[in-house]
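First up is the structure itself, then whatever we jot down about it.
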Amino acid sequence: MDRRVVITGGAGFVGSSLCDRFRKDGWRVLAIDNLCTGRRSNLAQLQDDPHFELRIQDICLPFDVEGPVDAVLHFASPASPFDYLKLPIETLRAGSDGTLNCLDLARRKNARFLMASTSEIYGDPLEHPQRESYLGNVSSIGPRSCYDEAKRFAEAATMAYWRTHGVDTRIIRIFNTYGPRMKANDGRVVPAFIRQALLGLPLTVFGDGDQTRSFCYVDDLVEGIVAVLDRGDHMPYNLGNPVEFTMLALVEEIQRQLGPVTIVHRPLPADDPTRRRPDIRRAQETFGWAPTVSLSEGLHLAIEDFRARLAAGTLDD
Ligand code: UDP
């Protein structure tokens, strides 16, 4: 019998890539999404697939799924700073009520459960690079706290279901990820810079541009998620690319691929972490996972996708 996976947030950037991957691997896929930040167009390639289903539903309300389920992957949440600052209460609900409802589903179905956590749970880190054992430097009241604390709650809930009910759980902490299908206007730095460069607009560098991030190509992330689901244990895994760039270095790479750009500095948002880089040794040592796509290769693929959407007039949809 085919295995079956429920993917919440299945119409999102990462969720839809997971839908593709699990279908490719022969799983039946039920995507659940309320489309608050996800888009149907991310799943257009699967719409005629008889083993794929998209259900429009809010996972913050109790829900059930008919039939057997082997795995529940919980990816439903606004995830870009722009989106969660606009939707703070929805973000808190997705991490709290939504996570509990997904854990209850996994428990009822005796399914494996994987929760998408985030590097944001480390806050503005005082330890660098960040290992899974680092407890974080997080504001509970700042503008990002709706996301950071929701994900911290979701991790706590996941561990509680593992300890109390013996649910077979996984936690991944996703660091900055980019690739085709990202919303061009969701405010994240990679899509923002590509969009601005393609439209001949100045690139908006927040602060002096010396803050760092490490950027993981989405296919590398998906590979890591599959490895954690198959071969991981209940303790968290960092998944991200350990190569660190300043935002000004990212501007350089964009210029290398798209030609000269101008930049305009904007104020650094409150709570914006100064440095971020994953220590991925745990995933590397447990199942030999490491990203393989360089920033220049990955940017090239993302730029091609953005160009095609620009030509089709759908870049800002
Ligand atoms: N950033 C920027 N210009 C933009 C958008 C973001 O310089 O137009 C910076 C932002 O201040 C942060 C980094 O890029 O330091 C990554 O931001 P993003 O929103 O992509 O994700 P975050 O890592 O903050 O969640």
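Indexing begins at 1, ligand by ligand and atom by atom, following the structure's order.
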Atom 19 (O) of ligand 1 - nearest protein heavy atom and its distance: Pro81 CG, 3.5 Å

Closest protein heavy atom (residue, atom, distance) for atom 11 (O) of ligand 1: Asp272 OD2, 2.6 Å

Which residue and heavy atom of the protein sit nearest atom 7 (O) of ligand 1, plus the separation: Phe206 N, 2.8 Å

Hydrophobic cluster membership, Leu46 vs Phe75, 4.5 Å side-chain cutoff: yes

Under-4.0 Å heavy-atom contact with ligand 1, by part of Asn176 that carries it: side chain

Min heavy-atom dist Gln196 to ligand 1 below 4.0 Å: no

Side chain, backbone, both or neither: Met182 near ligand 1, heavy atoms under 4.0 Å: neither

Close aromatic pair by centroid cut-off 6.0 Å: Tyr161 and Phe113: no

Ligand 1 contact by Arg276, heavy-atom criterion under 4.0 angstrom: yes

Student check: side-chain heavy atoms of Gln211 and Phe206 closer than 4.5 Å: yes

Nearest neighbour in protein (non-hydrogen) for atom 20 (O) of ligand 1: Val189 N, 2.8 Å

Heavy-atom side-chain proximity of Leu250 to Phe193 below 4.5 angstrom: yes

